[in-house]
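To start, the structure itself, in structure tokens.
To find a chain, count down the sequence lines: A is the first, B the second, and so on, and within it residues start at 1.
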Amino acid sequence: MKEMILVLIGAALVNNVVLSQFLGICPFLGVSKRTKTAAGMGGAVIFVITIASALTWIINRVLLVNFKLEYLQTIVFILVIAALVQLIEMFLKKYSHSLYEALGVYLPLITTNCAVLGVALTNVQMEYSFIKSLVNGFGTAVGFTVAIVILAGIRERIEYNDVPSAFRGMPIVLITAGLMSIAFMGFAGLI
Amino acid sequence: MNKCMERLYNGIIKENPTFVLMLGMCPTLALTTNAVDAMGMGLTTTIVLVMSNLLISLLRKVIPEKVRIPAFIVIVASFVTIVKMLLEAYLWELNQSLGIYIPLIVVNCIILGRAESYASKNPVAPSIFDGLGMGLGFTIGLTVIGLFRELIGSGTLFKVAVMPDSYEPLKIFVNPPGAFLVLAILTALQNKFKLKSATNVTQQEPLACGGNCASCLGTTCTENHEKIELAKQEAKNKKGEDGK
């Protein structure tokens with residue numbers, strides 16, 4: 001149990017997926033203009049990454065390791081993730097319309113989110129067990145959500161500030177992300 | 001031949017993926033702590049880009065329109081796997097320092113972007129040079145940022161000490177925050193001097209997707225959705241008021 005909590009905290013805060021590993025930078029900078037959309041994106045990412053880490057773990061163990069096909073990991077994982085996102089979208093559309101309304105627009109954007117593939121590959125590389133992979137995936141996605149919601153909150157405030165003209169737009173967002181990254185470095189002593 | 005040279009110029013200078021298009025941000029931020037890793041990543045991406053452009057251009061009349069994206073992904077992923085195996089066999093150290101970012105080349109938007117916008121519509125020779133130009137542009141971009149961060153952050157260039165012993169390295173620049181700060185300064189300078197860059201677009205984006213994928217990063221998709229929802233809501237409210 002203690003080990004699980006360590007993996008969770010490590011994935012969510014210490015090795016934050018965007019602020020220290022730089023995975024999923026595109027949605028982090030692109031979909032962080034409003035807290036509401038950022039939270040929606042975060043929810044969709046949590047949903048997809050958790051399911052994807054479970055599925056890729058099973059496929060890796062049952063198919064690839066058994067038949068000595070580990071070298072196909074990259075190809076298989078990316079296809080599984082792309083198919084999974086499509087499936088989730090269709091499933092939500094049919095069975096849970098409220099959830100589809102909330103997450104639907106963000107789902108197609110997630111296929112290109114390298115955090116999903118990154119988590120699947122990390123799980124394999126670290127030889128995590130099934131439960132640990134699940135916890136690691138969930139933790140990573142929570143870390144992503146925390147980071148993107150905080151950034152969106154700060155960006156909403158920045159809109160009312162007098163930013164020097166050269167720094168308007170992307171530069172000030174990157175500086176904010178840099179400062180957040182410094183703050184998250186403080187978690188390094190946690191484990 | 002002229003067209004091939006034009007493609008090289010286009011990739012390296014006119015539409016440089018790092019400085020102008022601002023694509024492939026993940027490796028740009030993650031692997032520029034020193035110039036050696038940066039250059040290694042750039043060249044690895046270049047090889048994958050050239051090979052996938054070559055194959056996609058060859059197969060452009062065979063791949064059906066509807067399944068082209070999955071087909072491109074499979075082609076790119078195959079080349080990434082081959083390159084990863086070669087790195088493991090011959091350049092073990094580079095393989096260790098690039099780590100998980102090698103398989104992640106698959107989701108690098110430069111490669112799929114070039115496949116979709118150029119290689120799938122043009123003959124083989126220009127496609128190869130397009131890949132080469134874009135790849136070299138990316139390599140140059142990464143190496144320049146890498147040199148800058150390495151010089152300030154650890155006082156070395158290509159892992160060779162160049163600064164005097166009395167120089168106290170600013171460690172923050174080789175740590176994760178440094179990546180964001182360097183990129184922020186770079187984009188701010190581009191803004192200041194009004195250089196052509198994807199982050200430099202200031203005018204409001206129209207409701208429909210303008211096709212400017214470089215500056216969109218997926219935002220237009222969600223924003224359009226919000227705008228449409230808002231318009232629907234307003235229309236509904238108005239109807240309700242009229243009804244009264």
Between [X] and chain B, which part of the residue has a heavy atom less than 4.5 Å away: side chain, backbone, both or neither?
X        : answer
A:Val18  : backbone
A:Thr176 : neither
A:Leu117 : both
A:Gln73  : neither
A:Leu19  : both
A:Met180 : neither

[Y] and [X], any side-chain heavy atoms less than 4.5 Å apart:
X        : Y        : value
B:Leu31  : A:Phe22  : no
B:Phe180 : A:Ile182 : no
B:Tyr101 : A:Gln21  : yes

Gap separating the [atom1] atom of [X] from the [atom2] atom of [Y], nearest 0.5 angstrom:
X        : Y        : atom1 : atom2 : value
A:Leu29  : B:Met25  : CG    : CE    : 8.5 Å
A:Phe167 : B:Lys192 : CZ    : NZ    : 10.0 Å
A:Ile81  : B:Ile73  : CD1   : CD1   : 10.0 Å
A:Leu174 : B:Ile185 : CG    : CD1   : 10.5 Å
A:Thr74  : B:Ile102 : OG1   : CD1   : 9.5 Å
B:Ile100 : A:Gln125 : CD1   : CD    : 5.5 Å

Worksheet item: Closest approach of B:Cys26 and A:Gly24, non-hydrogen atoms and distance?
Response: SG-N, 3.8 Å
Item to complete: Specify the closest pair of heavy atoms between B:Ala184 and A:Ile175, including all atoms of both residues, with the distance to one decimal.
Response: CB-CG1, 3.4 Å
Contact origin within [X] toward chain A - heavy atom pairs under 4.5 Å:
X        : value
B:Asn108 : neither
B:Leu29  : both
B:Ser78  : both
B:Ile172 : side chain

Would you say [atom1] of [X] has more than 12 non-hydrogen atoms from neighbouring residues, nucleotides or ligands within 6.0 angstrom?
X        : atom1 : answer
B:Gln96  : CD    : yes
A:Glu70  : CD    : yes
A:Glu159 : CD    : yes
A:Met126 : CE    : no
A:Gln86  : CD    : no
A:Phe184 : CZ    : yes

Worksheet, complete the sentence: Per-residue tally against chain B (heavy atom, under 4.5 Å) across A:Ser181, A:Ser165, A:Ala82 peaks at A:Ser181
Fill in: Pick from B:Ala77, B:Pro103, B:Pro177 with the largest number of heavy-atom pairs that fall under 4.5 Å of chain A
B:Pro177
